[in-house]
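Taking it in order: structure first as structure tokens, then the write-up.
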Amino acid sequence: MSRPILVTSALPYANGAPHFGHLVGAYLPADIFVRYHRLLGSDVAFVCGTDEHGVANTLGAEREGVPYQEYVDRGHRRWQAAMDRLGIDFDNFSQTSRRDPQYPLAQEFFLRLLKNGRLKRRDIRQLYSPATSRFLADRYVVGTCYVCGCESARGDECPSCGTWLEAAKLVNPRSAEDADDKLELRETWQYELDLAPFATDPAVKPWLDELRGRMKTNVRSFVFDKTIEGEGLVARPITRDLPWGVPLPDHDLDGNPIEDVDGKVLYVWFDAPIGYISSTIEWARATGRDWRRYWIRSADEAPDKGPRLIHFIGKDNITFHCIVFPAMLAWQTLEGAAGEIPEKNKLRGAGDGERWVLPENVPANEFFNLEGKKFNKSTGWVIDIDEFVAKYGVDRTRFYLATAMPETADSDFLWREFKAKTDTLANVFGNFAVRILKFVGKHFDNRVPPAHGFEDEAARVAECIETRTRQVADAIEGYTFRKAIEGFLGLAEDGNLFLDRTAPWKLRKTDEAACGGALHLALQLLPPLSVLAAPFIPETAARLRAMLNLPAREPGPLLPAEPLAAGHELGTPEVLVQKIEADEIAAEVEALNARAESADS
RNA sequence: GGGGUCGUAGCUCAAUCGGUUAGAGCAGCGGACUCAUAAUCCGUCGGUUCCAGGUUCGAGUCCUGGCGGCCCUACCA
């Protein structure tokens, strides 16, 4: 039995608008990886959900005058629709504001960290808004810069002199939302999670060392060179004063009251990654599975034997997924102490002799820009996903984005590249299938001709299939998706070469049986092509199988490839991938520039 | 301010630990072919590896400085 695999994509903030940058960073690569594993028949679960707590969501809801829940529900539907449109096929797409199991689970994480002495209570002074009865985060504060006197400095940075500011020292601080809302400094307290011992913790160190060797280099340098060995790890607050979020529990695991928790919630970053777990639980309940199979391993089991946890994220999320969330998971363990806990606080997570799984890898991508500049809705520098997919289709969208993924460095959406790459798909891949199938349809009664001669070529064809299949599989397992695309396109290239070598259109005039023999071999490339392409362009791959008159493939090993038997009747060939007109691209670029200019004025 | 990262052909990207003459695809140019979506196949052109120094037998790769892009950062998910 293969190891269970849990794949997660970064939880999108409900407040935000989906764009290609999100897609290419965390959703598309995860979806390709998962679809590949489903082909193999791996025990894989793919979960995500919207991240719905936090200040940005409360402010958004208030600005529109709707209840928080209604506001985030709407955001959730927006994200769900975008994911559906792009064929991102989650097993479950949840919401962190669904009370069960997210709230009790997040509270349990908090309580166990507390019991383990990982949390420290700290008194602090924060800017408070009397008008809205709450403490404001720095970015929602404006005031007069204490360095240069600029009157519209933000709480974190002065736009005029560029100084990094301390919000509490601003002169005349007021709310960014409402200039009449004068802020005052008030005493409050928060819990902090002290990360300083993380990297040297004996429960963490071996895992961290292994992770270091496995990680993509862009992630490794960030986590190790910069964060752990550079800045060092510090304490981070995990609670806030807010009316929206997971409330702090009022009793600890031993049944003692926790004082003064009114109005306090878990900080959104704390409950967000727990959303991965509750999304898994939700899915498991709905499908009658055991969620613990994906999250919990036995303490004495080697880490390379238990479940595989893989987080696909953008680079902005690296610290949380490589350090903060693993710390939260590792420090849940209450060895020996679990028995003393009152029944009502009984655990749903790791018990005695068990551990939460720590991520096997965090294949973070970099950022994706549009024609050299950041995607930006307010300046019109965006591409509307709905419109785009409606016009160009989901598979050409996925294919181009996969070829342009920012795997090692930031990259760009470029309209001219969109045409160039998808035309290559049409020419090399689509046309290859069609040129064979039409030929067979015209001259061989649309049935697979019998094998005949070409023994050397038959061996070469078989070798191409094996080599390309391995190339695609290795590349996907190594999170190098652009290389994987070269693999399946390469198989079509091998096929085009084969046809040019054997030239069945010439043989047809001289040796009908040999002509059929050549086509018989060429046809054998098409089933594996439909399989290797499927994770990237699922709809097109399915259409190819329909054109081959093949049923959906049963999950299982990719090799040996499915043969097409002589006499098998084929389906109807039609254009597999459309090409794009040059004028269309010119018009798109013009429209983009026009939008940006009108937003500018 | 501090830190990180990237800069390679007209374009998009490769290049293991520092190791042969820096490789692909696209675009361009020339040719072959006609089954196919003006497609495919062959050949060819194309480089001061951002700049200036340094270490080394040897540097795209390591070091120092500079320029440019991007990211992170002291209670932003």
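In what follows, chains are A, B, ... by sequence order, proteins preceding strands, each numbered from 1. Since the model is a prediction, treat every value here as computed from it, not as a measurement. Computed over heavy atoms, backbone and side chain alike; hydrogens, waters and symmetry mates excluded.
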Looking for any heavy atom pair under 4.0 Å, which part of the strands does [X] touch: base, sugar-phosphate only, or nothing?
X	result
A:Gln126	base
A:Ser411	sugar-phosphate
A:Phe432	nothing
A:Gly430	base
A:Arg125	base
A:Leu414	sugar-phosphate
A:Lys438	sugar-phosphate
A:Leu497	sugar-phosphate
A:Val440	nothing

Roughly how far apart, to the nearest Å, are [N] and [M] at atom [atom1]?
N	M	atom1	answer
B:U8	B:A14	P	10 Å
B:U49	B:A9	P	10 Å
B:C33	B:A38	C1'	13 Å
B:C75	B:C11	C1'	44 Å
B:U40	B:A27	P	8 Å
B:C45	B:G31	C1'	14 Å
B:U48	B:G60	P	13 Å
B:G43	B:C26	P	13 Å

Do [Y] and [X] meet the salt-bridge criterion of a basic N to acidic O distance under 4.0 Å?
X	Y	value
A:Arg186	A:Glu184	yes
A:Arg236	A:Glu192	no
A:Arg470	A:Asp474	no

Now, which nucleotide makes the Watson-Crick or G-U wobble pair with B:C26, with each of the two distances under 3.5 Å?
B:G10

Selection from [options] that lies nearest to any side-chain heavy atom of [X]:
X	options	value
A:Asn496	B:C75, B:U40, B:U37	B:U40
A:Arg416	B:C75, B:U37, B:U12	B:U12
A:Glu417	B:C35, B:U12, B:U37	B:U12
A:Val575	B:C11, B:C35, B:U37	B:U37
A:Trp505	B:C42, B:C75, B:C33	B:C33
A:Val428	B:C26, B:U37, B:U40	B:U40
A:Ala420	B:U37, B:U40, B:C26	B:C26
A:Lys506	B:U37, B:C33, B:C75	B:C33
A:Asn431	B:C41, B:C75, B:U37	B:U37
A:Lys421	B:C35, B:U12, B:C75	B:U12

Rounded to the nearest Å, what distance is computed from the [atom1] atom of residue [X] to the [atom2] atom of nucleotide [N]?
X	N	atom1	atom2	result
A:Leu499	B:A32	CG	C1'	16 Å
A:Lys419	B:A38	NZ	P	12 Å
A:Leu425	B:U12	CG	P	21 Å
A:Tyr400	B:C11	OH	C1'	11 Å
A:Asp494	B:C41	CG	P	10 Å
A:Leu525	B:C35	CG	P	20 Å
A:Arg508	B:C35	CZ	C1'	9 Å
A:Leu523	B:C35	CG	P	17 Å

Hey, which sits more toward the 5' end of RNA chain B by its nearest nucleotide, A:Val55 or A:Val434?
A:Val434

Specify the residue among A:Ile436 and A:Glu493 whose closest nucleotide of RNA chain B lies further upstream toward the 5′ end.
A:Ile436

Polar contact flag, side-chain donor to acceptor under 3.5 angstrom, [X]-[Y]:
X	Y	value
A:Glu407	A:Asn365	no
A:Arg77	A:Gln80	no
A:Asp51	A:Gln95	no
A:Tyr71	A:Glu52	no

Taking side-chain contact (heavy atoms from CB on, under 4.5 Å) as the criterion, tell me which of A:Ile436, A:Asp494, A:Leu499, A:Leu491 meets it with A:Leu525.
A:Leu491

Considering just the side-chain nitrogens and oxygens of [X], establish if one lies under 4.0 Å of OP1 or OP2 belonging to [N].
X	N	result
A:Asn369	B:C70	no
A:Lys483	B:C13	no
A:Arg482	B:A14	yes

Partner residues of A:His76 under the ring-ring contact (aromatic ring centres under 6.0 Å, His included) criterion, sequence neighbours left out:
A:Phe93

